[in-house]
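The chains referred to below are lettered A, B, ... by the order of the sequence lines, with proteins before strands, and numbering in each begins at 1. Side chains included, hydrogens not; waters and symmetry mates left out as well; all remaining heavy atoms used.
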Amino acid sequence: MSVRNDADLVLAAQAGDVASFEILYARYAPVVHSILLGRLSPADADDVTQNVFITALTKLESLREPAAFAGWIARTARNAAEDHRRRMMATAEIDAEIDAALATRGTQSEDAEAARALQAIRDLPEAYRETLMLRLVEGMSGPEISARTGLTPGSVRVNLHRGMQMLRGALGGSAV
Amino acid sequence: MNDDYLWDGSGEPDVDVSHLEALLGRYRSAAPMSNFRRVAVMRPRRRWPLAVAAAALIVVAVLGVLRIYTPPNRWRATESSGAAIVPHSILRAGDVVRTGAQGSVRLESPGVGTLDIGANTTVQLIESRRNRHRLALAAGTIHAKTTSMPGVFVIDTPRARAIDLGCEYTLTVSPGGGGALRVLSGWVDLTHGYQQSLVPQGASALMTADGELTVPVFDDAAPRFRAAVRDFARTHDLATIVSLSRRRDALTLLNLFRLTTSEESVILFDRLNQLVPAPALISREAVRDWRPAVTELWWRPIIQATGLIAIKKKKGMFDGL
(Lines give C-alpha, C1' and ligand atoms only; values in the text may rest on other atoms or scores of the structure.)
Protein backbone atom coordinates (compact mmCIF):
# COMPACT_ATOMS: atom_id res chain seq x y z
CA MET A 1 0.00 0.00 0.00
CA SER A 2 1.52 3.28 -1.07
CA VAL A 3 2.01 6.13 1.37
CA ARG A 4 -0.15 9.09 0.56
CA ASN A 5 1.76 12.30 0.16
CA ASP A 6 0.97 15.47 2.03
CA ALA A 7 -0.76 17.12 -0.91
CA ASP A 8 -3.22 14.25 -1.28
CA LEU A 9 -3.93 14.26 2.41
CA VAL A 10 -4.44 18.01 2.48
CA LEU A 11 -6.80 17.90 -0.49
CA ALA A 12 -8.77 15.12 1.12
CA ALA A 13 -8.87 16.96 4.44
CA GLN A 14 -9.96 20.14 2.69
CA ALA A 15 -12.81 18.12 1.24
CA GLY A 16 -13.83 17.09 4.74
CA ASP A 17 -11.92 13.83 5.22
CA VAL A 18 -10.91 14.04 8.88
CA ALA A 19 -9.00 10.74 8.73
CA SER A 20 -6.59 12.32 6.29
CA PHE A 21 -6.06 15.19 8.66
CA GLU A 22 -5.35 12.74 11.45
CA ILE A 23 -2.59 11.24 9.31
CA LEU A 24 -1.17 14.70 8.83
CA TYR A 25 -1.36 15.18 12.56
CA ALA A 26 0.59 11.98 13.18
CA ARG A 27 3.23 13.10 10.72
CA TYR A 28 3.63 16.65 11.90
CA ALA A 29 2.75 16.68 15.58
CA PRO A 30 6.42 15.95 16.49
CA VAL A 31 7.57 18.82 14.29
CA VAL A 32 5.06 21.21 15.77
CA HIS A 33 5.77 20.03 19.28
CA SER A 34 9.50 20.41 18.88
CA ILE A 35 9.07 23.93 17.54
CA LEU A 36 6.90 24.79 20.49
CA LEU A 37 9.10 23.08 23.01
CA GLY A 38 11.94 25.27 21.85
CA ARG A 39 9.92 28.30 22.90
CA LEU A 40 7.41 27.25 25.54
CA SER A 41 7.22 25.13 28.65
CA PRO A 42 6.63 21.41 28.09
CA ALA A 43 3.09 21.64 29.39
CA ASP A 44 2.32 24.59 27.18
CA ALA A 45 3.98 22.89 24.24
CA ASP A 46 1.60 19.97 24.59
CA ASP A 47 -1.44 22.22 24.82
CA VAL A 48 -0.43 24.56 22.07
CA THR A 49 0.37 21.63 19.78
CA GLN A 50 -3.26 20.64 19.96
CA ASN A 51 -4.32 24.22 19.38
CA VAL A 52 -2.05 24.53 16.36
CA PHE A 53 -3.68 21.55 14.70
CA ILE A 54 -7.16 22.66 15.59
CA THR A 55 -6.37 26.05 14.08
CA ALA A 56 -4.84 24.34 11.08
CA LEU A 57 -7.97 22.28 10.54
CA THR A 58 -10.22 25.31 10.70
CA LYS A 59 -8.00 27.25 8.31
CA LEU A 60 -6.96 24.40 6.08
CA GLU A 61 -9.11 25.67 3.22
CA SER A 62 -6.98 28.80 3.09
CA LEU A 63 -3.92 26.69 2.18
CA ARG A 64 -3.72 27.26 -1.55
CA GLU A 65 -0.76 24.93 -2.18
CA PRO A 66 -1.45 21.56 -0.54
CA ALA A 67 2.13 20.39 -1.02
CA ALA A 68 3.33 23.26 1.14
CA PHE A 69 1.66 21.87 4.24
CA ALA A 70 4.96 21.23 6.07
CA GLY A 71 6.12 24.82 5.87
CA TRP A 72 2.62 26.10 6.57
CA ILE A 73 2.15 24.06 9.73
CA ALA A 74 5.63 25.02 10.94
CA ARG A 75 4.87 28.70 10.46
CA THR A 76 1.57 28.22 12.21
CA ALA A 77 3.41 26.62 15.12
CA ARG A 78 5.95 29.43 15.36
CA ASN A 79 3.21 32.05 15.25
CA ALA A 80 1.23 30.17 17.88
CA ALA A 81 4.28 30.02 20.11
CA GLU A 82 4.80 33.76 19.77
CA ASP A 83 1.16 34.44 20.50
CA HIS A 84 1.30 32.22 23.52
CA ARG A 85 4.47 33.79 24.80
CA ARG A 86 2.99 37.22 24.49
CA ARG A 87 0.10 36.08 26.57
CA MET A 88 2.29 34.44 29.17
CA MET A 89 4.28 36.63 31.45
CA ALA A 90 7.92 35.67 31.31
CA THR A 91 10.61 33.12 30.95
CA ALA A 92 10.74 32.80 34.69
CA GLU A 93 7.21 31.52 34.64
CA ILE A 94 8.10 29.05 31.94
CA ASP A 95 11.09 27.87 33.94
CA ALA A 96 8.89 27.40 36.96
CA GLU A 97 6.57 25.24 34.90
CA ILE A 98 9.51 23.26 33.65
CA ASP A 99 10.53 22.62 37.19
CA ALA A 100 7.03 21.58 38.13
CA ALA A 101 6.79 19.31 35.15
CA LEU A 102 10.13 17.74 35.90
CA ALA A 103 9.00 16.92 39.39
CA THR A 104 6.34 14.61 37.99
CA ARG A 105 8.45 12.98 35.32
CA GLY A 106 11.53 11.59 36.98
CA THR A 107 14.01 11.78 39.72
CA GLN A 108 15.14 15.12 41.03
CA SER A 109 18.65 14.88 39.61
CA GLU A 110 17.49 13.60 36.24
CA ASP A 111 14.86 16.31 36.16
CA ALA A 112 17.40 18.97 36.76
CA GLU A 113 19.75 17.52 34.20
CA ALA A 114 16.96 17.24 31.64
CA ALA A 115 15.88 20.80 32.31
CA ARG A 116 19.42 22.00 31.85
CA ALA A 117 19.76 20.09 28.60
CA LEU A 118 16.46 21.40 27.35
CA GLN A 119 17.40 24.96 28.20
CA ALA A 120 20.74 24.49 26.47
CA ILE A 121 18.98 23.40 23.29
CA ARG A 122 16.63 26.37 23.55
CA ASP A 123 19.60 28.66 23.67
CA LEU A 124 20.91 27.35 20.36
CA PRO A 125 20.26 29.15 17.09
CA GLU A 126 16.83 28.29 15.72
CA ALA A 127 18.01 26.01 12.92
CA TYR A 128 20.01 23.86 15.30
CA ARG A 129 17.45 24.11 18.03
CA GLU A 130 14.56 22.72 16.06
CA THR A 131 16.61 20.03 14.37
CA LEU A 132 18.04 18.81 17.66
CA MET A 133 14.61 18.92 19.31
CA LEU A 134 13.32 16.62 16.59
CA ARG A 135 16.29 14.32 16.94
CA LEU A 136 16.74 14.20 20.69
CA VAL A 137 13.26 14.86 22.03
CA GLU A 138 10.99 13.46 19.35
CA GLY A 139 13.36 10.65 18.43
CA MET A 140 13.23 11.25 14.71
CA SER A 141 16.09 10.27 12.43
CA GLY A 142 17.87 12.68 10.15
CA PRO A 143 16.04 11.44 7.04
CA GLU A 144 12.72 11.74 8.84
CA ILE A 145 13.56 15.29 9.90
CA SER A 146 14.44 16.08 6.33
CA ALA A 147 11.16 14.67 5.10
CA ARG A 148 9.08 16.54 7.67
CA THR A 149 10.77 19.91 7.56
CA GLY A 150 11.53 20.15 3.90
CA LEU A 151 15.20 20.74 4.67
CA THR A 152 17.64 18.86 2.50
CA PRO A 153 19.30 15.86 4.12
CA GLY A 154 22.60 17.70 3.89
CA SER A 155 21.24 20.68 5.79
CA VAL A 156 19.74 18.46 8.45
CA ARG A 157 23.01 16.62 8.81
CA VAL A 158 24.93 19.88 9.16
CA ASN A 159 22.40 21.24 11.64
CA LEU A 160 22.59 18.10 13.71
CA HIS A 161 26.36 18.01 13.67
CA ARG A 162 26.92 21.68 14.48
CA GLY A 163 24.02 21.80 16.90
CA MET A 164 25.28 18.80 18.77
CA GLN A 165 28.73 20.32 18.81
CA MET A 166 27.39 23.53 20.35
CA LEU A 167 25.23 21.60 22.76
CA ARG A 168 28.17 19.60 23.99
CA GLY A 169 30.02 22.85 24.52
CA ALA A 170 27.11 24.40 26.36
CA LEU A 171 26.61 21.47 28.67
CA GLY A 172 30.34 21.00 29.23
CA GLY A 173 31.40 17.71 30.61
CA SER A 174 29.02 17.69 33.51
CA ALA A 175 25.81 16.65 31.90
CA VAL A 176 26.85 14.87 28.83
CA MET B 1 33.70 11.93 14.84
CA ASN B 2 31.26 9.58 13.14
CA ASP B 3 27.80 11.14 13.04
CA ASP B 4 25.97 8.07 11.78
CA TYR B 5 24.27 7.46 15.06
CA LEU B 6 23.28 11.12 15.33
CA TRP B 7 22.09 11.02 11.74
CA ASP B 8 19.96 7.93 11.68
CA GLY B 9 20.70 5.87 14.76
CA SER B 10 22.88 3.48 12.82
CA GLY B 11 26.36 2.46 13.72
CA GLU B 12 27.84 2.53 17.12
CA PRO B 13 25.78 4.62 19.52
CA ASP B 14 27.17 8.01 20.43
CA VAL B 15 27.20 8.09 24.23
CA ASP B 16 26.27 11.73 24.52
CA VAL B 17 23.52 11.46 21.95
CA SER B 18 22.00 8.35 23.43
CA HIS B 19 22.17 9.90 26.89
CA LEU B 20 20.41 13.02 25.75
CA GLU B 21 17.83 10.91 23.94
CA ALA B 22 17.06 9.10 27.15
CA LEU B 23 17.09 12.28 29.15
CA LEU B 24 14.97 14.41 26.85
CA GLY B 25 12.54 11.72 25.75
CA ARG B 26 10.39 12.72 28.69
CA TYR B 27 9.50 15.91 26.86
CA ARG B 28 8.17 14.09 23.86
CA SER B 29 4.67 15.15 22.94
CA ALA B 30 2.39 13.42 25.40
CA ALA B 31 -0.93 15.05 24.75
CA PRO B 32 -3.58 12.88 23.14
CA MET B 33 -4.74 13.79 19.68
CA SER B 34 -7.69 16.15 19.65
CA ASN B 35 -11.07 15.04 18.45
CA PHE B 36 -10.71 16.50 15.02
CA ARG B 37 -14.02 15.06 13.88
CA ARG B 38 -15.81 17.32 16.28
CA VAL B 39 -13.67 20.26 15.23
CA ALA B 40 -14.41 19.48 11.59
CA VAL B 41 -18.11 19.67 12.26
CA MET B 42 -17.70 22.98 14.02
CA ARG B 43 -15.18 24.55 11.67
CA PRO B 44 -16.43 27.42 9.60
CA ARG B 45 -16.90 26.60 5.97
CA ARG B 46 -15.22 28.70 3.39
CA ARG B 47 -17.44 31.69 3.06
CA TRP B 48 -15.73 33.79 0.49
CA PRO B 49 -17.39 32.15 -2.51
CA LEU B 50 -20.71 32.84 -0.83
CA ALA B 51 -19.64 36.38 -0.08
CA VAL B 52 -18.48 36.89 -3.66
CA ALA B 53 -21.72 35.46 -4.97
CA ALA B 54 -23.72 37.66 -2.62
CA ALA B 55 -21.72 40.72 -3.63
CA ALA B 56 -22.19 39.88 -7.30
CA LEU B 57 -25.90 39.50 -6.76
CA ILE B 58 -26.05 42.84 -5.02
CA VAL B 59 -24.15 44.49 -7.86
CA VAL B 60 -26.44 42.91 -10.43
CA ALA B 61 -29.49 43.90 -8.44
CA VAL B 62 -28.28 47.47 -8.04
CA LEU B 63 -27.46 47.71 -11.72
CA GLY B 64 -30.81 46.19 -12.51
CA VAL B 65 -32.61 48.63 -10.29
CA LEU B 66 -30.65 51.51 -11.79
CA ARG B 67 -31.45 50.24 -15.26
CA ILE B 68 -35.16 49.97 -14.63
CA TYR B 69 -35.47 52.80 -12.15
CA THR B 70 -37.27 55.78 -13.53
CA PRO B 71 -37.63 58.94 -11.49
CA PRO B 72 -41.31 59.50 -10.65
CA ASN B 73 -41.73 62.46 -12.96
CA ARG B 74 -39.81 61.12 -15.91
CA TRP B 75 -40.69 58.93 -18.85
CA ARG B 76 -38.56 55.95 -19.73
CA ALA B 77 -38.66 54.01 -22.97
CA THR B 78 -38.92 50.48 -21.61
CA GLU B 79 -39.63 48.59 -24.81
CA SER B 80 -39.31 49.19 -28.49
CA SER B 81 -39.57 47.13 -31.60
CA GLY B 82 -39.21 47.64 -35.31
CA ALA B 83 -38.15 50.99 -36.60
CA ALA B 84 -38.17 53.43 -33.71
CA ILE B 85 -36.17 56.47 -32.78
CA VAL B 86 -35.91 57.20 -29.08
CA PRO B 87 -33.44 60.01 -28.33
CA HIS B 88 -32.89 59.05 -24.70
CA SER B 89 -33.97 56.06 -22.67
CA ILE B 90 -35.25 58.54 -20.11
CA LEU B 91 -36.91 61.20 -22.17
CA ARG B 92 -36.08 64.84 -21.80
CA ALA B 93 -38.39 67.73 -22.54
CA GLY B 94 -38.36 68.30 -26.30
CA ASP B 95 -37.40 64.73 -27.17
CA VAL B 96 -39.30 63.38 -30.14
CA VAL B 97 -40.06 59.68 -30.41
CA ARG B 98 -40.75 58.43 -33.91
CA THR B 99 -41.80 55.03 -35.11
CA GLY B 100 -41.84 53.51 -38.57
CA ALA B 101 -44.32 51.25 -40.28
CA GLN B 102 -43.61 48.30 -38.00
CA GLY B 103 -42.30 50.22 -35.05
CA SER B 104 -43.61 50.60 -31.56
CA VAL B 105 -42.32 52.06 -28.32
CA ARG B 106 -43.56 51.79 -24.77
CA LEU B 107 -42.98 54.70 -22.46
CA GLU B 108 -43.50 54.38 -18.75
CA SER B 109 -43.63 56.91 -15.99
CA PRO B 110 -44.00 55.73 -12.40
CA GLY B 111 -46.25 58.63 -11.54
CA VAL B 112 -48.52 58.37 -14.56
CA GLY B 113 -48.63 54.99 -16.23
CA THR B 114 -47.79 53.61 -19.61
CA LEU B 115 -47.97 55.08 -23.05
CA ASP B 116 -47.75 52.72 -25.99
CA ILE B 117 -46.74 54.42 -29.19
CA GLY B 118 -47.96 52.64 -32.28
CA ALA B 119 -46.59 52.48 -35.80
CA ASN B 120 -45.98 55.58 -37.91
CA THR B 121 -46.34 57.82 -34.90
CA THR B 122 -44.60 60.96 -33.80
CA VAL B 123 -44.79 62.00 -30.16
CA GLN B 124 -42.92 64.79 -28.46
CA LEU B 125 -42.46 65.19 -24.73
CA ILE B 126 -43.38 68.74 -23.92
CA GLU B 127 -43.11 68.72 -20.17
CA SER B 128 -43.03 66.26 -17.33
CA ARG B 129 -43.56 67.66 -13.90
CA ARG B 130 -45.21 66.31 -10.79
CA ASN B 131 -48.65 67.65 -11.64
CA ARG B 132 -48.36 67.95 -15.38
CA HIS B 133 -47.17 65.52 -17.98
CA ARG B 134 -47.80 66.84 -21.44
CA LEU B 135 -46.95 65.23 -24.73
CA ALA B 136 -47.79 66.21 -28.26
CA LEU B 137 -49.13 63.64 -30.68
CA ALA B 138 -48.39 64.99 -34.14
CA ALA B 139 -49.46 61.91 -36.04
CA GLY B 140 -50.14 58.26 -35.46
CA THR B 141 -51.64 56.33 -32.59
CA ILE B 142 -51.02 56.14 -28.90
CA HIS B 143 -52.58 53.98 -26.24
CA ALA B 144 -52.45 55.39 -22.74
CA LYS B 145 -53.17 53.64 -19.48
CA THR B 146 -52.86 55.89 -16.50
CA THR B 147 -53.05 55.81 -12.75
CA SER B 148 -52.36 59.46 -12.15
CA MET B 149 -54.73 62.02 -10.74
CA PRO B 150 -57.23 63.59 -13.16
CA GLY B 151 -55.82 66.42 -15.21
CA VAL B 152 -52.18 65.41 -14.81
CA PHE B 153 -51.66 63.59 -18.10
CA VAL B 154 -52.35 65.61 -21.20
CA ILE B 155 -51.95 64.84 -24.87
CA ASP B 156 -52.00 67.71 -27.32
CA THR B 157 -53.02 67.03 -30.90
CA PRO B 158 -53.12 69.50 -33.77
CA ARG B 159 -56.89 69.95 -33.29
CA ALA B 160 -57.61 69.15 -29.65
CA ARG B 161 -56.26 68.46 -26.22
CA ALA B 162 -57.02 65.19 -24.47
CA ILE B 163 -56.97 65.53 -20.70
CA ASP B 164 -56.80 62.28 -18.85
CA LEU B 165 -59.34 61.82 -16.08
CA GLY B 166 -57.96 58.51 -14.85
CA CYS B 167 -58.47 56.10 -17.68
CA GLU B 168 -57.31 54.04 -20.58
CA TYR B 169 -57.76 55.26 -24.09
CA THR B 170 -56.55 55.20 -27.64
CA LEU B 171 -55.95 58.40 -29.53
CA THR B 172 -55.27 58.57 -33.23
CA VAL B 173 -54.25 61.56 -35.29
CA SER B 174 -54.37 61.43 -39.05
CA PRO B 175 -51.88 63.24 -41.27
CA GLY B 176 -54.47 65.99 -41.86
CA GLY B 177 -54.68 66.77 -38.18
CA GLY B 178 -58.05 65.19 -37.51
CA GLY B 179 -58.33 62.18 -35.31
CA ALA B 180 -60.31 59.92 -33.06
CA LEU B 181 -60.47 59.24 -29.37
CA ARG B 182 -61.73 55.94 -28.06
CA VAL B 183 -62.00 55.52 -24.30
CA LEU B 184 -61.69 52.06 -22.82
CA SER B 185 -62.09 52.98 -19.19
CA GLY B 186 -62.70 56.11 -17.16
CA TRP B 187 -63.17 59.45 -18.87
CA VAL B 188 -61.23 61.74 -21.16
CA ASP B 189 -61.87 65.43 -21.44
CA LEU B 190 -61.39 66.38 -25.09
CA THR B 191 -61.19 70.12 -25.57
CA HIS B 192 -60.52 72.57 -28.33
CA GLY B 193 -61.07 76.24 -27.71
CA TYR B 194 -64.53 76.64 -26.25
CA GLN B 195 -65.53 73.15 -27.32
CA GLN B 196 -65.48 70.30 -24.86
CA SER B 197 -66.38 66.67 -25.24
CA LEU B 198 -66.34 64.53 -22.13
CA VAL B 199 -65.88 61.03 -23.44
CA PRO B 200 -66.74 58.13 -21.14
CA GLN B 201 -65.70 54.51 -21.15
CA GLY B 202 -66.98 52.68 -24.20
CA ALA B 203 -67.46 55.86 -26.21
CA SER B 204 -65.58 57.68 -28.92
CA ALA B 205 -65.30 61.19 -30.25
CA LEU B 206 -63.77 62.62 -33.37
CA MET B 207 -61.62 65.63 -34.02
CA THR B 208 -62.23 66.94 -37.48
CA ALA B 209 -59.49 68.40 -39.59
CA ASP B 210 -61.12 71.82 -39.35
CA GLY B 211 -61.11 71.74 -35.57
CA GLU B 212 -64.59 70.53 -34.69
CA LEU B 213 -65.10 68.04 -31.91
CA THR B 214 -67.94 65.59 -32.20
CA VAL B 215 -69.97 64.72 -29.15
CA PRO B 216 -69.18 61.39 -27.53
CA VAL B 217 -71.04 58.43 -28.88
CA PHE B 218 -70.98 54.91 -27.58
CA ASP B 219 -69.29 52.39 -29.77
CA ASP B 220 -72.19 49.97 -29.35
CA ALA B 221 -74.78 52.45 -30.61
CA ALA B 222 -76.54 51.87 -33.90
CA PRO B 223 -74.24 52.64 -36.87
CA ARG B 224 -76.75 55.10 -38.35
CA PHE B 225 -77.07 56.81 -34.99
CA ARG B 226 -73.29 57.12 -34.76
CA ALA B 227 -73.05 58.46 -38.28
CA ALA B 228 -75.80 61.02 -37.64
CA VAL B 229 -74.07 62.18 -34.48
CA ARG B 230 -70.72 62.36 -36.24
CA ASP B 231 -72.13 64.45 -39.07
CA PHE B 232 -74.62 66.48 -37.07
CA ALA B 233 -72.76 69.78 -37.32
CA ARG B 234 -73.10 69.45 -41.08
CA THR B 235 -76.40 67.56 -41.59
CA HIS B 236 -78.45 68.31 -38.46
CA ASP B 237 -80.16 64.94 -38.93
CA LEU B 238 -81.83 65.10 -35.54
CA ALA B 239 -84.66 62.81 -36.60
CA THR B 240 -82.36 59.84 -36.99
CA ILE B 241 -80.67 60.60 -33.71
CA VAL B 242 -83.94 60.86 -31.83
CA SER B 243 -85.40 57.77 -33.38
CA LEU B 244 -82.39 55.53 -32.81
CA SER B 245 -81.31 56.77 -29.42
CA ARG B 246 -81.34 54.42 -26.45
CA ARG B 247 -81.34 55.25 -22.75
CA ARG B 248 -77.59 54.61 -22.79
CA ASP B 249 -77.27 57.31 -25.47
CA ALA B 250 -78.65 60.00 -23.16
CA LEU B 251 -75.15 61.29 -22.62
CA THR B 252 -74.74 61.79 -26.35
CA LEU B 253 -78.00 63.69 -26.54
CA LEU B 254 -77.04 65.87 -23.61
CA ASN B 255 -73.82 66.80 -25.39
CA LEU B 256 -75.67 67.64 -28.58
CA PHE B 257 -77.28 70.76 -27.07
CA ARG B 258 -74.19 72.76 -27.94
CA LEU B 259 -74.79 72.05 -31.62
CA THR B 260 -78.56 72.38 -31.88
CA THR B 261 -80.70 75.31 -32.85
CA SER B 262 -83.45 76.53 -30.52
CA GLU B 263 -86.09 74.43 -32.21
CA GLU B 264 -83.84 71.40 -32.29
CA SER B 265 -83.04 71.89 -28.60
CA VAL B 266 -86.70 71.49 -27.69
CA ILE B 267 -86.96 68.28 -29.68
CA LEU B 268 -83.77 67.06 -28.12
CA PHE B 269 -85.09 67.96 -24.68
CA ASP B 270 -88.25 65.95 -25.23
CA ARG B 271 -86.36 62.83 -26.26
CA LEU B 272 -83.79 63.16 -23.52
CA ASN B 273 -86.56 63.75 -21.00
CA GLN B 274 -88.10 60.45 -22.09
CA LEU B 275 -84.84 58.61 -21.60
CA VAL B 276 -83.78 60.25 -18.35
CA PRO B 277 -86.30 62.63 -16.79
CA ALA B 278 -84.98 66.14 -16.45
CA PRO B 279 -84.41 67.59 -13.02
CA ALA B 280 -87.17 69.95 -11.93
CA LEU B 281 -85.02 73.01 -12.38
CA ILE B 282 -84.48 72.32 -16.08
CA SER B 283 -87.45 73.46 -18.16
CA ARG B 284 -88.33 72.67 -21.74
CA GLU B 285 -88.36 76.36 -22.59
CA ALA B 286 -84.99 77.03 -20.97
CA VAL B 287 -83.14 74.88 -23.45
CA ARG B 288 -84.24 77.12 -26.30
CA ASP B 289 -81.60 79.50 -25.12
CA TRP B 290 -79.09 76.83 -24.24
CA ARG B 291 -75.93 77.53 -22.36
CA PRO B 292 -73.91 74.89 -20.51
CA ALA B 293 -75.32 76.00 -17.19
CA VAL B 294 -78.89 75.29 -18.36
CA THR B 295 -78.45 71.54 -18.49
CA GLU B 296 -75.66 71.17 -16.00
CA LEU B 297 -77.89 69.57 -13.37
CA TRP B 298 -78.91 66.86 -15.85
CA TRP B 299 -75.41 65.40 -15.98
CA ARG B 300 -75.53 63.56 -12.70
CA PRO B 301 -78.82 61.73 -13.23
CA ILE B 302 -77.80 60.82 -16.76
CA ILE B 303 -74.51 59.42 -15.62
CA GLN B 304 -76.30 57.49 -12.90
CA ALA B 305 -79.04 56.27 -15.20
CA THR B 306 -76.67 55.03 -17.84
CA GLY B 307 -74.46 53.16 -15.38
CA LEU B 308 -71.36 55.19 -16.05
CA ILE B 309 -68.79 55.61 -13.37
CA ALA B 310 -68.51 59.10 -11.99
CA ILE B 311 -65.82 61.33 -13.33
CA LYS B 312 -62.79 61.56 -11.11
CA LYS B 313 -62.37 65.18 -10.32
CA LYS B 314 -59.80 67.35 -8.77
CA LYS B 315 -61.18 70.10 -6.57
CA GLY B 316 -62.80 72.75 -8.74
CA MET B 317 -62.81 70.55 -11.80
CA PHE B 318 -66.17 70.05 -13.51
CA ASP B 319 -68.08 71.49 -10.58
CA GLY B 320 -71.67 70.40 -10.77
CA LEU B 321 -71.02 67.07 -12.44
Side-chain angles (χ1 to χ4, degrees), chain A residues 13-14 16-19 21-22 25-26 29-30 32-34 36-37 42-43 45-47 49-51 53-54 57-62 98 101-102 105-106 110-111 113-114 116-118 121 132-133 135-139 141-144 153 156-157 160-161 163-165 167-168 171 175-176, chain B residues 1-70:
Chain A
Q14 285 177 330
D17 181 9
V18 178
F21 189 78
E22 288 172 343
Y25 174 86
V32 169
H33 183 259
S34 66
L36 297 171
L37 191 61
D46 285 345
D47 291 343
T49 295
Q50 302 305 310
N51 293 340
F53 278 93
I54 290 170
L57 180 56
T58 58
K59 294 184 175 177
L60 193 61
E61 289 176 348
S62 68
I98 291 173
L102 290 175
R105 296 195 182 193
E110 279 185 342
D111 293 344
E113 188 184 357
R116 248 193 335 273
L118 183 62
I121 296 173
L132 278 180
M133 283 285 190
R135 176 67 185 88
L136 301 175
V137 176
E138 305 298 339
S141 68
E144 287 173 328
V156 172
R157 193 153 200 155
L160 286 174
H161 177 78
M164 191 63 205
Q165 203 171 31
L167 185 59
R168 287 181 214 271
L171 293 173
V176 180
Chain B
M1 184 183 291
N2 190 336
D3 279 344
D4 285 350
Y5 184 78
L6 178 62
W7 171 242
D8 60 5
S10 64
E12 190 173 342
D14 180 304
V15 176
D16 291 342
V17 173
S18 59
H19 179 68
L20 285 168
E21 283 180 306
L23 198 62
L24 295 171
R26 72 189 63 199
Y27 297 127
R28 193 167 294 172
S29 176
M33 186 170 68
S34 298
N35 186 345
F36 293 123
R37 292 178 194 283
R38 195 174 63 183
V39 175
V41 170
M42 294 167 62
R43 71 176 170 164
R45 305 299 299 174
R46 187 186 293 180
R47 291 193 173 90
W48 67 265
L50 208 62
V52 169
L57 269 178
I58 289 170
V59 168
V60 168
V62 167
L63 289 176
V65 167
L66 287 176
R67 195 176 70 81
I68 63 173
Y69 173 72
T70 307

Interatomic distance, [X] atom [atom1] to [Y] atom [atom2] [nearest 0.5 angstrom]:
{"X": "B/L24", "Y": "A/S34", "atom1": "CG", "atom2": "OG", "result": "12.0 Å"}
{"X": "A/I121", "Y": "B/Y27", "atom1": "CD1", "atom2": "OH", "result": "9.5 Å"}
{"X": "B/D16", "Y": "A/R168", "atom1": "CG", "atom2": "CZ", "result": "4.5 Å"}
{"X": "B/L20", "Y": "A/L132", "atom1": "CG", "atom2": "CG", "result": "8.5 Å"}
{"X": "A/L136", "Y": "B/L23", "atom1": "CG", "atom2": "CG", "result": "10.0 Å"}

Between [X] and chain B, which part of the residue has a heavy atom less than 4.5 Å away: side chain, backbone, both or neither?
{"X": "A/L160", "answer": "both"}
{"X": "A/V156", "answer": "both"}
{"X": "A/A26", "answer": "neither"}
{"X": "A/F21", "answer": "side chain"}

Using side-chain heavy atoms (C-beta onward) and a distance below 4.5 Å, is A/V137 in contact with B/R26?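 A/V137 vs B/R26: side chains apart.
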Is there a side-chain contact between B/R28 and A/H33 in this structure, where contact means two heavy atoms from C-beta onward sitting under 4.5 Å apart?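 Not in contact.
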Look only at the side chain of A/R157 and the backbone of B/W7, and say whether a donor-acceptor pair between them is shorter than 3.5 Å.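 No: the side chain of A/R157 does not pair with the backbone of B/W7.
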Heavy-atom closest contact (A/P143 atom, B/D8 atom, distance):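 For A/P143 versus B/D8, the nearest heavy atoms are CD-CB, 4.1 Å.
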Going by salt bridge (Lys or Arg N to Asp or Glu O under 4.0 Å), name the residues that satisfy it together with A/E144, two or more places apart in sequence or in a different chain.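 For A/E144 there are no salt bridge (Lys or Arg N to Asp or Glu O under 4.0 Å) partners, ignoring immediate neighbours.
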